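Below: one structure, written as structure tokens.
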Amino acid sequence: MNTPRRSPPAPPRPMGQSIARGFRLRCPACGEGAMFGGYLKVNERCPACGEELWHHRADDAPPYAVITVVGHIIVPLVLAVEMAWHPPEWLHLAIWLPLTLVLSLLLLPPLKGALIGYQWAVRMHGFDRSSDEYDPVPPSRRAVQADAPIA
Ligand SMILES: [Zn+2]
């Protein structure tokens with residue numbers, strides 16, 4: 001009786017290193033290639049090592065992380081400044097709104113990169129080639145196929 005062949009388990013990936021590389025906007029696999037081709041657009045492949053990066057499913061997790069981090073920075077500062085100096089409301093708005101916006105925009109790419117580094121390290125979604133979610137066709141080629149007429 002034949003037993004189905006199983007592929008050997010994939011070797012573990014260093015999670016801390018992968019997250020740190022993602023936070024630095026680098027490929028989690030090699031740490032050299034740029035993860036992003038735009039402000040938040042993830043390259044399909046690492047330009048340095050060719051690692052498939054299109055398997056990420058960051059979705060709306062990075063904004064949640066940014067809200068959490070920025071909230072934990074801004075809210076205590078607002079409270080501390082209010083308790084210490086009682087500045088007028090217009091001054092609060094003039095300080096905290098731009099600071100919140102700038103911090104959020106600055107933190108969004110690194111936190112998205114870190115999340116993708118985590119997904120890569122634990123082989124989530126298509127990063128696991130033995131997973132049902134693994135799709136060897138990158139999104140750019142999928143879009144072309146979706147537009148093709150049905151034969
Ligand atoms: Zn790479």
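Counting from 1, the numbers follow the sequence of the chain as shown. Source: prediction; values computed, not measured.
- Side-chain contact between Pro110 and Arg24 is absent, with no heavy-atom pair separated by less than 4.5 Å.
- For the atom pair OG (Ser131) and CZ (Arg123), the distance works out to 11.5 Å, reported to the nearest 0.5 Å.
- For His125, the side chain to side chain donor-acceptor pair (under 3.5 Å) partners are Glu133, not counting sequence neighbours.
- Put simply, Val75 and Ile67 are part of two different groups of oily side chains (I, L, V, M, F, W, Y) that touch within less than 4.5 Å, one to the next.
- Identified under the salt bridge (Lys or Arg N to Asp or Glu O under 4.0 Å) test for residues 57-67, with sequence neighbours left out: none.
- Under the rule for a ring-ring contact (aromatic ring centres under 6.0 Å, His included), His56 has no partner lying at least two apart in sequence or in another chain.
- Asn43 places a side-chain N or O within 3.5 Å of a backbone atom of Ala34 that can act as its donor or acceptor partner.
- Applying the ring-ring contact (aromatic ring centres under 6.0 Å, His included) test to Tyr134 and every residue at least two apart in sequence or in another chain returns His55.
- Following chains of ILVMFWY side-chain contacts shorter than 4.5 Å, one can reach Val69 starting from Val78, so the two form part of one hydrophobic cluster.
- Residue Leu91 is grouped with residue Leu101 when hydrophobic side chains (ILVMFWY) are merged at heavy-atom distances under 4.5 angstrom, including chains of intermediate members.
- Nearest heavy atom pair, residue Ala48 against residue Cys30, reads CB-SG, 4.1 Å.
- Remark: Asp128 engages no residue in a salt bridge (charged side-chain N to carboxylate O under 4.0 Å, His left out) (not counting sequence neighbours).
- Between the CG atom in Leu53 and the CD1 atom in Ile116 there is a gap of 7.5 Å [rounded to 0.5 Å].
- Linking Ile, Leu, Val, Met, Phe, Trp and Tyr whenever their side-chain heavy atoms come within less than 4.5 Å leaves Leu107 and Ile19 in two separate clusters.
- Here CE of Met124 is found 7.5 Å from CG of Leu115. Values are rounded to the nearest 0.5 Å.
- Ile74 and Trp90 fall within the same hydrophobic cluster, where Ile, Leu, Val, Met, Phe, Trp and Tyr residues are linked whenever their side-chain heavy atoms come under 4.5 Å apart, directly or through other members.
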### Task
Please assess Phe23 against Leu111 for the test side chain to side chain contact (heavy atoms under 4.5 Å, CB included), listing each intermediate value before the final yes or no.
CA-CA 6 Å; Phe23 190 82; Leu111 290 179; 4.1 Å; yes
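- Trp120 contributes atom CH2, which lies 7.0 Å from atom CZ of Arg21 (distance to the nearest 0.5 angstrom).
- Annotation for Trp54 and Val137: closest pair NE1-O, 3.6 Å, computed over non-hydrogen atoms.
- Across Ala121 and Arg13, no two heavy atoms sit closer than the pair O-CB, 3.5 Å.
- For the pair Pro28 and Met35, the minimum side-chain heavy-atom distance is below 4.5 Å.
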### Task
Verify side chain to side chain contact (heavy atoms under 4.5 Å, CB included) between Glu52 and Arg45, making sure each step is shown before the conclusion.
CA-CA 5 Å; Glu52 298 173 350; Arg45 291 181 181 275; 3.6 Å; yes
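- Residues passing the side chain to side chain donor-acceptor pair (under 3.5 Å) test with Glu44 are Ser140, sequence neighbours excluded.
- In this structure, Pro136 and Pro138 approach most closely via the heavy-atom pair O-CD, 3.4 Å.
- Across all non-hydrogen atoms, the minimal contact from Ser104 to Val70 is OG-CG2, 3.9 Å.
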### Message
The test is side chain to side chain contact (heavy atoms under 4.5 Å, CB included); show your working for Leu99 and Trp96 and say whether it passes.
### Response
CA-CA 5 Å; Leu99 188 60; Trp96 307 119; 3.8 Å; yes
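- More than 12 non-hydrogen atoms from other residues, nucleotides or ligands lie less than 6.0 angstrom from CD of Glu82.
- A donor-acceptor distance shorter than 3.5 angstrom exists from the side chain of Tyr39 to the backbone of Leu105, with no hydrogens or angles considered.
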